[in-house]
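Report on the following structure.
Chain identifiers are assigned alphabetically (A, B, ...) following the order of the sequence lines, protein sequences preceding nucleic acid strands; residue numbering begins at 1 within each chain. Being a predicted model, the structure only gives us computed values, none of them experimental.
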Amino acid sequence: MNHLDYFNIDPTALLRMVADKAHFIALSTIFLEQAPTILSALQRAIECCDFEAIAMQSHALKGMTVIVGANEITTLLQRVESAARQGEIIIGANDALEANLAAVTREVARSMIEISVDL
Amino acid sequence: MTKPISERSEVCTTQKAAEILGISVSSVQQLVEAGAIEAWKTTGGHRRIPLQAVLAYKRTHSPFPPSYIAGPKSNWPPAELARVLIVEDNPMQRELYRQQITGWQLDCELIFCDNGYMALLEIARRQPEILLVDIVMEGLDGYELINTVIADPHSKHMHIAILSGLDPESLHGRGGVPAGTVFFNKPINYDQLQGYLKACCAHFIRSNQRF
């Protein structure tokens, strides 16, 4: 796996935290299973202007994106969380989050496949 | 926070299955691939594990006798291992802790909770010797949990550590790091955490020696 082929995540960030491929795959699996669900909840919270839910869901998703080295969406989620804690909404956040997470998810899935076949 | 188990509690994620069975996510994946635990895939290719399949596997493979009921300082299992309760709502972070701490091969039993209320129940039932707590959690947050535990005279023996992305200055606004607790800033320095747990486990062994 060549980390330079990844633009939305940093596989080396996760690789530094784990002991072997199986652990890398386990963590990536958790991300793929849960991140989309949390994003959906976050988007619903943004549509409803539920600031408490926005803060909690964005914090939860940020905790996962930071581990896979998805720096851009992590920064965006931090802004969304901070704004929500002050009772504010970031215009266009939903679309930006959806597009970004889709790209992150694709790369996490690809990193799982590539590390499985790496010698 | 969205829970990994659906509202009808019919399916669970690989992560939740791992926590229910007390094994790693990798082991769950191997069991599913070996057919030991039933699973199916959505049209999108995502694996779903029926909760009943996980519970059925747990019943037939549990190391504890069926009559085991956790109670105040239960006598089963024998308290030869220090119990470490980790309260962390981030599932990836829980898996990271499991991978790291298991790799250190400490004489301890790991217990995980993803929220403060369940943690209070676990503390009452199993009275862990070591408590590792994240601060920012939905519902009862880690700070309130720790202050509740500290206020209980029965917890005086418990080693308590805060693991948090909040800096000490942010905690200062809430009263600071409680006296007698250890603070680990995220990203966690695992060498420091290992040293802390080794010391706690050694203290537990000395405390339980009969001579």
Side-chain contact test, heavy atoms from C-beta onward, threshold under 4.5 Å: evaluate it for B/T13 versus A/T37 and give yes or no.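 Answer no - side chains too far apart.
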How about A/M17 and B/P187: do any of their side-chain heavy atoms sit closer than 4.5 Å?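 Sidechains of B/P187 and A/M17: no contact.
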Is [X] atom [atom1] crowded by more than 12 heavy atoms from other residues, nucleotides or ligands, each under 6.0 Å away?
| X | atom1 | answer |
| --- | --- | --- |
| B/Q194 | CD | yes |
| A/E88 | CD | yes |
| A/R85 | CZ | yes |
| A/E114 | CD | yes |
| B/D107 | CG | no |

Spatial distance of atom [atom1] ([X]) from atom [atom2] ([Y]) [nearest 0.5 Å]:
| X | Y | atom1 | atom2 | value |
| --- | --- | --- | --- | --- |
| A/S28 | B/M92 | OG | CE | 6.5 Å |
| A/H23 | B/E95 | NE2 | CD | 7.0 Å |
| A/K62 | B/N90 | NZ | CG | 10.5 Å |

Under 4.5 Å from any heavy atom of chain B, what part of A/L27 do you find: side chain, backbone, both or neither?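 The answer is both parts of A/L27.
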Of the non-hydrogen atoms in A/I30 and B/P91, which two are nearest, and what is the gap between them?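 For A/I30 versus B/P91, the nearest heavy atoms are CG2-CB, 3.8 Å.
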Which atoms of B/Q15 come close to chain A, meaning under 4.5 Å heavy atom to heavy atom: side chain ones, backbone ones, both, or neither?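 Backbone plus side chain of B/Q15, per the 4.5 Å heavy-atom cut-off to chain A.
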Examine distances only and state if a side-chain atom of A/E33 and a backbone atom of B/T14 form a donor-acceptor pair shorter than 3.5 Å.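 Answer holds: yes.
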